[in-house]
There are 2 protein chains.
Amino acid sequence: MISRPTITQLASQLGVAPSTVSRAFTRPDLLRPDTVDRVLAAAKAVGYVPNNNARALSTGRAGAIGLIVPDIANPFFPPLIRAAQNHASAAGLSVFLADSDEDAEREERLIIAMAPQVEGLLVVSSRLPSTRLRELAGRYRLALINRDVAGTFRVLLDATSAIRAALNHLKELGHTRIAYVGGPERSWSNRQRRGAVEVTARQLGLHFTSYGVPPGTYEAAKALSRTVVGKGATGVIAFDDVLAHGLMGGFAEERIDVPGDVSIIGCDDALATQTFPALSTISFNVADATSAAIHGLTEHPSDATLPTARITFDGTLVLRGTTGPAREYSAFRK
Amino acid sequence: MISRPTITQLASQLGVAPSTVSRAFTRPDLLRPDTVDRVLAAAKAVGYVPNNNARALSTGRAGAIGLIVPDIANPFFPPLIRAAQNHASAAGLSVFLADSDEDAEREERLIIAMAPQVEGLLVVSSRLPSTRLRELAGRYRLALINRDVAGTFRVLLDATSAIRAALNHLKELGHTRIAYVGGPERSWSNRQRRGAVEVTARQLGLHFTSYGVPPGTYEAAKALSRTVVGKGATGVIAFDDVLAHGLMGGFAEERIDVPGDVSIIGCDDALATQTFPALSTISFNVADATSAAIHGLTEHPSDATLPTARITFDGTLVLRGTTGPAREYSAFRK
DNA sequence: CCTTGTCATGCAAACGTTTGCAGAGAACCA
DNA sequence: TGGTTCTCTGCAAACGTTTGCATGACAAGG
C-alpha cells in the first residue's frame with residue numbers, strides 16, 4: 001500500500017535482474033546463497049513485499065482459498081475458521097470468509113462469485129440441495145465439510161458412534177423416553193444425528209420422539225423446552241450445544257432441574273463449560289477435519305476439480321454435568 | 001477456476017476489442033447500450049467472470065480489505081465480522097479475515113503481511129501499544145475500532161454514558177458496593193470501561209473495587225466469582241457479556257442468586273438472552289460503527305493513509321433480568 | 001460541402017510478477 | 001588447451017485487465 005517498492009526497483013537498486021529477486025523468494029535453491037541473502041536483506045531494508053495479485057496473475061494460482069459458513073455467530077464455526085486460517089497460512093494461503101446467513105441462494109451466489117478468485121472453496125454445512133452441490137463441485141474446486149454428497153470431496157464429522165454411546169449411557173441411567181431436538185432442516189449433520197438417535201433408540205428399546213427447531217437458535221430451543229419435557233422425555237439429545245443451552249434456559253425458567261429432572265446431551269462441544277451445570281456433549285476434532293479439507297484443496301493439481309473422497313472423523317461422548325439418573329416419569333410433571 | 005474465459009476470448013468471439021468488453025463492465029456509460037447488453041449476455045452465456053487479480057494489478061486497487069480481530073470466538077466479533085462483510089461487499093470489496101489470538105506480535109505480523117495486499121485494514125480491539133499503532137497507521141491504511149490512538153482514524157464504542165446510567169440504576173436499587181470485573185489489559189475498551197465505572201462510582205459515592213480477568217474467558221471469570229462477592233460487592237459491572245456469564249456461572253455453583261443476592265450488568269449485548277436470568281447489559285450499534293470504519297477506508301483516496309478522525313458511538317443500557325434491589329450486605333454472606 | 005463536435009470503439013502500453021530458455025563463466029577432465 | 005558439464009544469472013514473454021489516446025463515423029451547423 002502507498003506505492004510500495006516493486007521487484008524491478010529492488011533489482012536495479014541491487015544491480016541484478018528482476019528474475020533474480022523473484023527467485024530469491026520463490027526458488028532460492030537456484031541462486032547462490034549469498035545472492036539470496038543479499039536480496040533478502042535489501043528487501044527487508046526497503047520493505048519490499050511481493051505483490052500477490054501480480055504473482056497470482058502470473059502463476060495462475062490465487063494464493064487464497066474461500067471459506068463459506070452458514071452462520072459465523074454459531075459457536076461451532078469460530079474454531080473451525082481459526083483452524084482454516086492456520087492451516088491455510090501454513091500453506092501460504094490467505095482465506096476469504098463469507099457467511100451465507102443460512103440462505104441457500106445466497107450460498108450459491110457466494111460460491112459462484114468466490115470460486116473463480118480462489119484456489120478452492122471450503123463449504124461448511126452447506127444448505128444447498130445435493131444435486132446443485134454436485135453440479136457446482138463439478139465446475140469448481142469444492143471441499144465440503146459436514147455434507148455428504150456422493151461424487152464430491154467431503155469430510156464429515158460423524159456423530160453416530162458417539163450418539164450410540166450417549167443413548168447407552170442414558171439407558172444405563174434408567175432413561176426410557178428419549179427426545180431429539182433438531183436444528184436446521186437443510187443441515188446434513190442434523191439429519192444424520194436425528195437418524196442415529198432414532199435407530200439407536202429403536203435398537204435399545206427406548207421410546208423416541210423427534211422435535212425440530214428449524215431456526216436453530218437459542219431462543220427457539222428455549223421456547224420448545226416445555227413441550228419436550230411435557231411429553232415425558234427424560235433424556236434429550238440436542239442437535240448442537242446452542243440448542244442444548246436454549247433448552248437448559250427454558251428448563252431453568254420452568255424450575256425443571258438438570259440433571260435431576262431431565263438429562264441433556266448437546267453436540268459439537270462448542271460451549272465447553274459455559275453452562276450450568278456443565279454440558280455433557282459430543283466433541284469433534286474440528287481442527288483435524290478442517291486440516292483434511294484444506295489438504296484436499298492444496299494437494300491436488302489446481303487445474304481440475306477435486307477427486308471424490310469421503311473422509312470421516314468420529315465424535316466422542318464427553319460427560320459433564322447434565323446427565324444423571326432418570327426420575328420417575330410422573331414425579332416432576334407439572 | 002479451471003481455465004475460465006478471458007476478456008480477450010470473449011472479445012474476439014464477439015468481434016469487438018477487449019477494451020470494449022472491459023468497459024461493458026466498468027464504464028457501461030461509455031458504450032452504446034445495445035453493445036453493453038450484447039457483451040453482458042455473451043459474458044453470462046460463456047460464464048465469464050472478471051479476473052480480480054488482473055484487475056487489481058492493472059488498477060492498483062486490491063478489491064479487498066483486511067479485518068483483524070483478537071479472538072474470533074468471542075461472541076462480540078461475529079456480528080461485527082458479518083457487518084464488515086456486508087458493507088464491504090456492498091462496496092464491491094471482499095474481506096480477508098485474520099485472528100491475532102490476543103497476541104500483539106502476531107497482530108503486528110498480520111498487519112504488515114496483509115496491508116500491502118488490501119485497500120485498507122480494519123483493526124478491531126488492537127492489542128498493540130499506541131506508539132506502534134500510530135507508526136503503522138502512518139505507513140498503512142488503518143481504521144481502528146475500539147482503540148483510541150490520537151492521530152489515527154478510529155471509531156469507538158463508548159460505554160461511558162451507559163455505564164453512568166447503569167450505576168445510577170444500581171444506586172437507585174440500593175446498591176452501595178460496586179465491583180468492576182475487567183478483561184484483557186491491552187484492551188482499550190476494558191480500560192475505558194473500568195475508568196468510567198471508577199469515576200462514576202466516586203461521583204455517586206459508591207464503594208468501588210476493581211478486579212481483573214486478563215485472559216477474558218468464561219472460566220477465568222467463573223473462578224473469580226467467589227472473590228468478587230466475598231468482598232461484599234452487590235452490584236457488578238463486567239467488561240463484557242462473556243465475563244458476566246462466567247460470573248453468573250460461578251454464582252450458580254455457589255448458590256448465590258442473581259439478581260436476589262447480587263446484581264450484574266454485562267457489556268456488548270453479545271449473549272442476548274442466552275443466560276438465565278437474561279443478562280442486563282450495555283448494547284452497541286456495532287453495524288453502524290463497522291460501517292463508519294469501512295466508509296473511512298473506502299471514501300478516502302487510496303494512495304494515502306487515512307485522515308485523523310475520532311468517531312464515537314454511545315452504548316445504551318438494556319435492563320433485563322440480572323439487576324434487582326440490593327440485599328443487606330451480610331444477609332447472604334456465606 | 002466543409003468544419004466542428006460528439007459519440008463509440010479500437011490500439012497499445014502498463015501493472016508486477018514468474019519462468020522457459022539462453023548465455024556466461026567456472027570447474028573439471030583428458 | 002580444448003571440450004564438456006554445471007551453476008548461476010539475465011532476457012523477454014506471458015498472465016488478464018484497465019485506460020489514455022487516437023480514430024472513424026456520423027450529425028449538426030454554417
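In the text below, chain A, chain B and the rest are named by the order of the sequence lines, each starting its count at 1.
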Quick check on contacts: within residues 17-26 of chain B, what sits under 4.0 Å from DNA chain C by heavy-atom distance?
B:Ala17, B:Ser19, B:Thr20, B:Arg23
Could you list by number each residue of residues 46-58 of chain A showing a heavy-atom separation from DNA chain C of less than 4.0 Å, or answer none if no residue does?
A:Tyr48, A:Val49, A:Pro50, A:Asn51, A:Ala54, A:Arg55, A:Ser58
What is the nucleic acid contact for B:Gly15, judged by heavy atoms within less than 4.0 Å: base, sugar-phosphate only, or nothing?
sugar-phosphate
Please tell me which of B:Asp29 and A:Thr8 maps to the more 5' nucleotide of DNA chain C, matching each residue to the nucleotide holding its nearest heavy atom.
B:Asp29
For B:Thr59 and for B:Pro33, find the nucleotide of DNA chain C with the closest heavy atom, then tell me which residue's nucleotide is more 5'.
B:Pro33
Hey, does [Y] have a side-chain heavy atom less than 4.5 Å from the side chain of [X]?
X        : Y        : value
B:Arg127 : B:Glu102 : yes
A:Leu306 : A:Thr152 : no
A:Ile7   : A:Asn51  : no
A:Leu121 : A:Arg141 : no

Take the protein atom [atom1] of [X] and the nucleotide atom [atom2] of [N], then report the distance between them rounded to whole Å.
X        : N      : atom1 : atom2 : answer
A:Arg32  : D:dT7  : CZ    : C1'   : 10 Å
B:Asp37  : C:dA8  : CG    : C1'   : 15 Å
A:Gln117 : D:dG16 : CD    : P     : 13 Å
A:Leu30  : C:dT19 : CG    : P     : 11 Å
B:Gln13  : D:dG16 : CD    : P     : 15 Å
B:Leu31  : C:dC7  : CG    : C1'   : 11 Å

Pick out which of B:Ser126, B:Pro70, B:Ser125 makes a side-chain contact (heavy atoms from CB on, under 4.5 Å) with B:Glu107.
B:Ser126
OG1 (B:Thr26) and CG (B:Leu31) are apart, to the nearest 0.5 Å, by 9.0 Å
For the helix from C:dC1-D:dG30 to C:dA30-D:dT1, what angle lies between the axis at the first five pairs and the axis at the last five pairs, to 10 degrees?
50°
Would you say the side chains of B:Asn285 and B:Asp288 form a donor-acceptor pair under 3.5 Å?
yes
Can you name the one residue among A:Thr308, A:Thr312, A:Asp148 that meets side-chain hydrogen bond (donor to acceptor under 3.5 Å, both in side chains) with A:Arg154?
A:Asp148
Taking only side-chain nitrogens and oxygens of B:Arg27, does any of them come within less than 4.0 Å of OP1 or OP2 of D:dT19?
no
Could you tell me whether a side-chain N or O of A:Asn146 sits under 3.5 Å from a main-chain N or O of A:Val124, the two making a donor and an acceptor?
no
Apply salt bridge (charged side-chain N to carboxylate O under 4.0 Å, His left out) to A:Arg106 and A:Asp99, showing your working.
CA-CA 9 Å; A:Arg106 185 169 148 83; A:Asp99 184 320; 5.5 Å; no
Would you call the rings of A:Phe153 and A:His300 parallel, tilted or perpendicular if under 30° counts as parallel and over 60° as perpendicular?
perpendicular
